[in-house]
Amino acid sequence: MATHQEKKPAEGRKHQNMQNDTKASQGQWGRAWEVDWFSLASILFLLMFAPLIVYYFIMSCAQYQCSLTDPLLDLLTGNKHLSDIWNRTPTLTYRAAGIYCLWVTFQVILYMSIPDFCHKFLPGYVGGVQEGAVTPAGVVNKYEINGLQAWIITHVLWFANASCFHFFSPTIIFDNWIPLLWCANILGYAVSTFAMIKGYFFPTNAKDCKFTGNFFYDYMMGIEFNPRIGKWFDFKLFFNGRPGIVAWTLINLSFAAKQQELYGEVTNSMVLVNVLQGIYVLDFFWNEAWYLKTIDICHDHFGWYLGWGDCVWLPYLYTLQGLYLVYHPVQLCTAHAIGVLILGLLGYYIFRMTNHQKDLFRRTNGKCRIWGKKPEYIECSYMSVDGTKYHSKLLTSGFWGWARHFNYTGDLMGSLAYCLACGCEHVLPYFYIVYMSILLIHRCIRDEHRCSSKYGKDWKRYTAAVPYRLLPGVF
Ligand code: NDP
């Protein structure tokens with residue numbers, strides 16, 4: 001976004017009262033300044049029920065072979081009491097706490113202590129120190145992009161252990177899955193609470209803080225825009241990428257190892273889930289510099305939504321397919337497996353190409369070719385808190401001419417492929433596509449609301465030029 005924008009002091013505006021500027025631009029970025037009742041109700045719902053939802057899914061697998069209805073039926077018919085289910089749930093163990101502390105510490109060391117070397121020998125990879133977007137207060141943060149390296153080192157060590165050293169079993173994650181859930185929750189709540197306190201008492205950049213005055217909203221959606229410890233420890237980049245996303249592929253590998261241990265083979269569905277999700281994860285790290293320009297980093301503040309979400313929701317619910325396949329080892333017929341593979345790869349291609357087109361367009365300030373032609377775009381402008389006027393461009397060529405969020409469409413196709421890999425016996429593995437649809441449709445609406453207040457009439461011209469959000473002619 002703003003990195004490729006030309007910064008021009010707006011004529012006449014410089015002399016206006018600063019307070020008016022601030023007021024005028026308050027609505028432009030990130031989360032809301034005022035909380036409507038619907039947002040508040042949704043937030044309270046999520047704060048209360050999101051941890052329960054995670055527990056319910058994981059417990060259903062551990063105690064009910066992944067059936068989502070049987071625990072409810074048991075409770076409703078009085079067959080079981082809540083206490084029966086709770087008493088059968090593994091508690092926090094010293095072993096899990098030790099594993100989790102080691103894991104997070106190791107990721108902190110990889111993040112903070114080893115400057116990126118991958119960009120020195122991998123052609124096309126952008127790593128090392130990179131700049132983020134301009135924040136509402138006009139700050140441009142620097143980031144050490146070394147996620148790919150952290151992912152490679154972690155996985156090399158994992159495979160070295162599994163094949164040579166045997167310090168621990170590759171099923172270690174599965175074997176400690178519920179005790180590790182308690183550890184992840186402790187970290188998720190600790191980091192969100194710390195971020196809130198930090199926002200009040202020692203923010204990294206006070207001008208980039210937002211206070212609605214509503215405790216729950218501020219806790220959930222965050223106060224600080226880019227909380228940091230020291231110059232380099234960036235909460236958003238660290239918690240989203242590692243431990244969350246580095247763990248994703250390790251968790252899947254551990255599930256595959258468990259299948260092997262239990263049934264003496266790894267099914268083709270498990271291989272598909274590992275491969276398709278592995279591509280998605282690797283793509284994330286290969287494009288970590290691009291990630292600095294996505295909504296998570298550019299617009300969202302750091303609160304429980306990102307802090308707890310990255311520690312608990314992501315590793316536990318994005319990996320449900322692998323977990324399900326441990327309990328239900330599905331061997332797909334060749335046609336089904338090929339269908340899933342094609343859908344997954346096609347979804348990934350659309351996701352990547354759409355994101356790439358926008359990135360290339362913004363990076364070159366429109367001086368590029370999209371599908372072999374000069375790109376078409378809408379010129380637009382917006383204002384930062386200090387009253388500086390910025391110019392930007394909205395692409396209307398390539399996939400961005402088909403729909404305003406075709407990258408989400410590709411993501412949804414890929415998500416559906418992971419679910420379809422699990423067959424049709426249970427609904428649990430389909431949670432991911434339901435969740436992603438809600439997340440991305442809500443994100444569309446949230447982003448468009450923000451862009452509309454950021455770009456004003458220019459945004460209207462853009463939506464007139466590209467009328468559909470996800471599917472041309474449908475939505
Ligand atoms: P986008 O990458 O689509 O970024 C939206 C921003 O891009 C807008 O706020 C606007 O920012 C800019 N923009 C919008 N339209 C245009 C245009 N036509 N031309 C140029 N710039 C435009 O969204 P996200 O950051 O949400 O998503 C990035 C990727 O991450 C997506 O592919 C998504 O599917 C994926 N994702 C995956 C999630 C998961 O959990 N697996 C969660 C969320 C996202 P500006 O202010 O700069 O104009």
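Order of listing sets the numbers, starting from 1, for every ligand and every atom in it.
Heavy-atom contacts of K454 reach the following atoms of ligand 1: 45 (P), 46 (O) (cutoff under 4.0 Å). Close contacts between ligand 1 and W400 involve ligand atoms 3 (O), 15 (N), 16 (C), 17 (C), 18 (N) [criterion: under 4.0 Å to a heavy atom]. Taking a cut-off of under 4.0 Å to the non-hydrogen atoms of D411, the atoms of ligand 1 that pass are 33 (C), 34 (O), 35 (C), 36 (N), 37 (C). Within the listing of ligand 1, atoms 37 (C), 39 (C), 41 (N) sit less than 4.0 angstrom from a heavy atom of Y280. Annotation for ligand 1: atoms under 4.0 Å from non-hydrogen atoms of C451 are 8 (C), 9 (O), 10 (C). Which parts of ligand 1 touch Y462 is read off a 4.0 Å heavy-atom cut-off, strictly below it: atoms 15 (N), 17 (C), 18 (N). Listed by atom number, the atoms of ligand 1 under 4.0 Å from T294 heavy atoms are 25 (O), 28 (C). Annotation for ligand 1: atoms under 4.0 Å from non-hydrogen atoms of M436 are 39 (C), 41 (N).
Proximity of L314 to ligand 1, defined as any heavy-atom pair under 4.0 Å, is not found for any part of the residue. By the criterion of a heavy-atom distance under 4.0 Å, the side chain of L439, and not its backbone, is placed next to ligand 1. Only the side chain of R450 comes within 4.0 Å of ligand 1, judged by heavy-atom distances. Contact annotation for D447 and ligand 1: only side-chain heavy atoms (C-beta onward) come within less than 4.0 Å of the ligand. With a 4.0 Å heavy-atom cut-off, ligand 1 is reached by the side chain of W290 but not by its N, CA, C or O.
Ligand 1 has no N or O atom lying under 3.5 Å from any N or O atom of W459, backbone or side chain. Considering backbone and side-chain atoms together, L395 places an N or O closer than 3.5 Å to an N or O of ligand 1. Looking at R404 next to ligand 1, no N or O pair under 3.5 Å apart turns up.
The option from R352, K358, R362 that lies nearest to atom 1 (P) of ligand 1, judged by heavy atoms, is K358. Between atom 48 (O) of ligand 1 and the options F351, Y435, Y455, the minimum heavy-atom separation is to Y455.
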Q357/W371 under side-chain contact (heavy atoms from CB on, under 4.5 Å): CA gap, chis, key distance, verdict: CA-CA 9 Å; Q357 286 177 351; W371 289 348; 3.1 Å; yes
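Not less than 6.0 angstrom separates the ring centroid of F174 from the ring centroid of W177. Checked against a 6.0 Å centroid threshold, the rings of F225 and F302 do not count as neighbours. For F399 and W402, the gap between ring centers is short of 6.0 Å. Between F406 and W400, the ring centre distance reaches or exceeds 6.0 Å. Checked against the 6.0 Å centroid criterion, the rings of Y432 and Y318 qualify as a close aromatic pair. A distance of 6.0 Å or more separates the ring centres of Y217 and Y219.
In this structure, Y305 and M221 approach most closely via the heavy-atom pair CB-SD, 4.3 Å.
By the 4.0 Å N-to-carboxylate-O rule, D359 lies too far from K293 to be salt-bridged with it.
For Y377, the closest heavy-atom approach to ligand 1 does not fall below 4.0 Å.
Other residues, nucleotides and ligands contribute only 12 or fewer heavy atoms inside 6.0 Å of the CZ atom of F216.
Relative orientation of the Y348 and F351 rings is tilted, given thresholds of 30° and 60° on the angle between their planes. Between Y382 and Y390, the ring planes lie parallel to each other; the angle is under 30°, not in the 30° to 60° tilted range.
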